[in-house]
Asker: 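Supplied in C-alpha cells, the structure appears directly below.
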There are 2 protein chains.
Amino acid sequence: MIDATEARERVVEAADRLFYARGVQAVGMDAVRAEAGVSLKRIYALFPSKDDLVVAVLHGRRAQWNAGIAASAADAASARDRILAIFDFLDAWFRRPDFHGCAFINVFGELSGGAPGVARVVREQKEAFGEYVAQLVRDAGAPDSLAPQIAILAEGAQTTAAIGDDPEAAAQARAAAATLIDAALAA
Amino acid sequence: MIDATEARERVVEAADRLFYARGVQAVGMDAVRAEAGVSLKRIYALFPSKDDLVVAVLHGRRAQWNAGIAASAADAASARDRILAIFDFLDAWFRRPDFHGCAFINVFGELSGGAPGVARVVREQKEAFGEYVAQLVRDAGAPDSLAPQIAILAEGAQTTAAIGDDPEAAAQARAAAATLIDAALAA
DNA sequence: CTCTCCGGAGAACGATCGTTCTCTCCCTGT
DNA sequence: ACAGGGAGAGAACGATCGTTCTCCGGAGAG
C-alpha cells in the first residue's frame with residue numbers, strides 16, 4: 001500500500017489530466033480510480049465528494065500557474081519585463097500539445113451554476129492574478145488603470161489560443177501589452 | 001397545435017435560456033420541453049439530438065451577437081469609432097442581470113471534448129468576429145497586426161466580466177483599445 | 001499459527017438523462 | 001357520423017454516474 005500523501009498526489013494528478021482533457025462531467029470517478037491506481041474507497045476517504053476533488057485539482061493548477069509565472073519573471077530585469085514575462089509564459093504554455101484553454105475558465109463555464117465552492121476557487125485565482133499584475137504595474141511606476149488592461153489581455157489570449165488553436169495569441173497579446181505599458185509610462 | 005416554425009423558435013429560445021443559465025449538461029431535455037411547452041416527440045422531430053439543439057442555440061446567439069454589434073456600430077462616424085462601439089455593446093451586455101459570460105466560450109469549455117459539431121460552430125463564430133474586426137482595422141488605415149489585439153481584448157473582457165462579475169471590464173478594454181488604435185495609427 | 005483489522009476490487013444502489021414507445025384524444029375528410 | 005392519422009402526455013428503456021457496501025485476501029500482533 002502507498003502513503004496517504006502519495007495517494008492524494010496521484011489522485012489529484014490523475015483527475016487533473018482527465019478533467020482537463022475531457023471535462024469534469026464527462027469523467028467518471030471510476031476513470032479517476034483507473035488512472036490513479038487508487039481504489040474508490042481510498043479516493044472517497046481523501047475527498048468527500050467529486051466537487052472536493054475538483055477544488056483540489058484547481059488548487060494544484062493554481063500552484064503550477066504561480067510557479068510558472070514566477071519562473072518566467074525570475075530573469076527579468078525590470079517591472080516592465082516582468083509584466084511581459086507573463087506573456088512569454090503563456091506562449092510556452094500555448095505551444096504544449098495538450099493545451100486547450102485555461103482550466104479555471106473551462107471549469108467555471110461548466111460548473112459555475114451548480115458548484116459554488118468551485119466558482120469561489122476560480123474567482124480567487126483570477127483575483128490573485130489581478131493583484132499580482134497590479135503590484136507589477138505599481139513597481140513599473142504606471143497608473144493603476146493599466147493593471148486590468150494587462151489582465152484582460154492575458155485572459156483574452158488564453159481563450160483565443162484555446163478556441164482558435166493558435167499559439168500566436170500570446171505574441172499578439174504581448175505586443176499589445178508592450179504598447180499599453182509604453183503609452184501609460186509616457187503619459 | 002402550433003406552426004412548425006414557431007415550435008422551432010420556442011424550443012430554441014427555451015433551450016437558450018436554460019442552457020445559458022445552468023449549463024448544457026445540467027439541463028435535461030424534459031426541462032426544455034417544460035420551458036418551451038413543446039412535446040418531446042416534437043422536439044426530437046425538429047432536432048435529431050441534443051447536440052443539434054445546442055448547435056441551433058449557438059446559431060441563434062450568433063445572429064443576436066451580429067445584430068447587436070451592427071446596431072452599436074450604426075451610429076459611429078469613423079472606423080475607429082466602430083471598433084470602439086464593440087466595447088460599448090459589451091458594456092451594455094455585461095450590465096444585463098442575466099449575463100454570465102460568453103455562451104460560446106462556456107459551451108466550448110463544457111463540450112469541446114465530446115461534440116465536434118459544437119466546437120466547429122464556436123470556432124466559426126470567433127473566426128467571423130476576427131474577420132469583422134480585421135475589416136474595421138483596414139478601414140481605419142491601421143496595420144493588420146492591430147486586429148487580433150482588439151479581438152483578444154474583447155475576449156478577455158467577456159471572461160473577466162463573467163468570472164469577476166464586474167462590468168467595468170468593458171470600459172477597461174475600451175480604453176486599452178483606444179490606446180492601441182492611436183498607437184497603431186501614429187506609427 | 002491464529003486472530004484481527006485494514007485496504008482493494010468491484011458489485012450494488014438510487015438517481016438522472018437522452019431517446020423511444022405507447023396510449024389516448026382530437027381534428028379532419030367524406 | 002365515422003374512420004384514420006397525427007400530435008401530446010408521459011411511461012419506459014438502457015446507459016451512466018456518484019456514492020456506498022460487501023466480500024475477501026493479506027499483513028501484523030500475540
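Note that the structure is a prediction, hence the values are computed from the model and not measured. Here is the naming used below: chain letters follow the sequence lines, and residue numbers restart at 1 for every chain.
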Asker: Evaluate the ring pair (Phe, Tyr, Trp, His ring centres under 6.0 Å) criterion for residues B/Trp65 and B/Phe129: first the C-alpha distance (whole Å), next the side-chain angles of each, then the deciding distance (0.1 Å), finally the verdict.
Answerer: CA-CA 10 Å; B/Trp65 170 274; B/Phe129 176 65; 5.4 Å; yes
Asker: Would you indicate which nucleotide in D/dT19, D/dG8, C/dT20 comes nearest to any side-chain atom of B/Tyr44?
Answerer: C/dT20
Asker: Calculate the interatomic distance between B/Leu40 atom CG and C/dC17 atom P; express it in whole Å.
Answerer: 12 Å
Asker: Out of D/dA11, D/dG8, C/dG8, which nucleotide sits closest to the side chain of B/Lys41?
Answerer: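 Nucleotide nearest to B/Lys41's side chain: D/dG8.
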Asker: Charged N to carboxylate O below 4.0 Å: is that the case for B/Arg95 and B/Glu168?
Answerer: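 Yes.
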Asker: Do B/Arg61 and B/Tyr20 form a cation-pi contact, if we require the NZ or CZ to be under 6.0 Å from the six-membered ring centre and within 45 degrees of the ring's axis?
Answerer: yes
Asker: Whole Å only: how far is the CZ atom of A/Phe47 from the P atom of D/dT20?
Answerer: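 Going from CZ in A/Phe47 over to P in D/dT20 covers 15 Å.
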Asker: What nucleotide among C/dG8, D/dT19, D/dG8 has an atom nearest to a side-chain atom of A/Arg42?
Answerer: C/dG8
Asker: I'd like to know whether A/Glu127 forms a salt bridge (Lys or Arg N to Asp or Glu O under 4.0 Å) with A/Arg62, so could you lay out the CA-CA distance, the side-chain angles of the two residues, the decisive distance to 0.1 Å, and finally the verdict.
Answerer: CA-CA 12 Å; A/Glu127 263 173 40; A/Arg62 177 170 59 188; over 6 Å; no
Asker: Specify the separation, in whole Å, of atom CD1 of A/Ile43 and atom P of D/dT20.
Answerer: 13 Å
Asker: Scan residues 7-37 of chain A against DNA chain C and write down, sorted by residue number, each residue with any heavy atom closer than 4.0 Å; if none is found, say none.
Answerer: none
Asker: Taking 4.0 angstrom as the limit, do A/Glu131 and A/Arg138 come out as a salt bridge?
Answerer: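 Here A/Glu131 pairs with A/Arg138 in a salt bridge, since their nearest N and O are under 4.0 Å apart.
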Asker: Is any N or O donor-acceptor pair between the side chain of B/Lys50 and the base of C/dG18 shorter than 3.5 Å?
Answerer: no
Asker: So, B/Asp51 versus B/Ser49: side-chain donor-acceptor pair below 3.5 Å or not?
Answerer: no
Asker: Just the rounded figure in Å: distance from P of C/dG7 to CG of A/Leu46.
Answerer: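 These atoms are roughly 11 Å apart.
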